[in-house]
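The model shown is predicted, which means the values in this text are computed figures rather than measured ones.
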Amino acid sequence: SNIRGNIGFIFATNCQLDDIREVLGKHVRDSAAKSGQMAKANLSLPAGPTGMDPSQTAFFQALNIGTKIVKGQIELVSEFPILKQGERVSPS
């Protein structure tokens, strides 16, 4: 009952621990940023068309992201930084 969560066991009788680390290191995947974690990379929304229709401008207004309507879709007027490497990820 002490084993909980997302855990895997490796039983290796014919190799060294370094061999296991090397194989596992090849299969590391990035995951989504979660609130409270430190950002591992910079991320920003590029300026330009979003593909979203004009009825969804309230979403961007709530986040203080500058937009304009061009050819029936929302367009960001400038690049907007979302995450900065080394800073905590916020809930918004």
Side-chain angles (χ1 to χ4, degrees):
S1 68
N2 291 332
I3 301 169
R4 296 181 186 172
N6 192 7
I7 295 177
F9 290 99
I10 298 174
F11 297 96
T13 58
N14 299 331
C15 62
Q16 299 295 316
L17 186 57
D18 291 336
D19 299 330
I20 296 169
R21 283 189 183 127
E22 180 182 336
V23 170
L24 292 177
K26 292 178 184 177
H27 299 284
V28 173
R29 295 184 183 159
D30 290 334
S31 62
K34 295 179 183 175
S35 179
Q37 290 181 331
M38 298 300 270
K40 294 181 180 179
N42 293 327
L43 178 69
S44 60
L45 294 175
T50 63
M52 299 172 76
D53 63 275
S55 67
Q56 299 174 338
T57 56
F59 172 76
F60 293 103
Q61 289 173 347
L63 297 172
N64 292 324
I65 299 175
T67 61
K68 62 183 178 180
I69 307 299
V70 176
K71 296 183 181 178
Q73 68 178 349
I74 300 172
E75 188 172 296
L76 301 181
V77 292
S78 63
E79 184 177 37
F80 187 80
I82 302 293
L83 297 175
K84 292 182 182 172
Q85 186 174 1
E87 292 184 1
R88 292 214 179 269
V89 177
S90 69
S92 62

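Counting all heavy atoms, side chain and backbone alike, E79 lies closest to S44 at OE2-OG, 2.8 Å. The shortest non-hydrogen separation linking L83 to A33 is CD1-CB, 4.2 Å. The two residues S90 and S35 have their closest heavy-atom pair at C-OG, 4.1 Å.
Between C15 and the choices T13, D18, D19, the side-chain contact (heavy atoms from CB on, under 4.5 Å) rule is met once, by D19.
The hydrophobic clustering, which links ILVMFWY residues whose side-chain heavy atoms are closer than 4.5 Å, places F80 and V70 apart. Residues V77 and L63 do not share a hydrophobic cluster, clusters being chains of Ile/Leu/Val/Met/Phe/Trp/Tyr side chains in contact below 4.5 Å.
Counting only heavy atoms from C-beta outward, the side chains of L45 and T50 never approach each other to under 4.5 Å. Contact annotation: the side chain of F59 never approaches that of I74 to less than 4.5 Å [non-hydrogen atoms, C-beta and beyond]. By the 4.5 Å heavy-atom criterion applied to side chains, I3 and F9 are counted as neighbours. For the pair I10/L24, a side-chain contact is recorded, criterion being any heavy-atom separation below 4.5 Å from C-beta on. Side-chain contact between M38 and R88 is present, with at least one heavy-atom pair separated by less than 4.5 Å.
The CG atom of N42 sits 8.5 Å away from the CD atom of E87 when rounded to the nearest 0.5 Å. Interatomic distance, CE of M52 versus OG1 of T67, reported as 10.0 Å (0.5 Å rounding).
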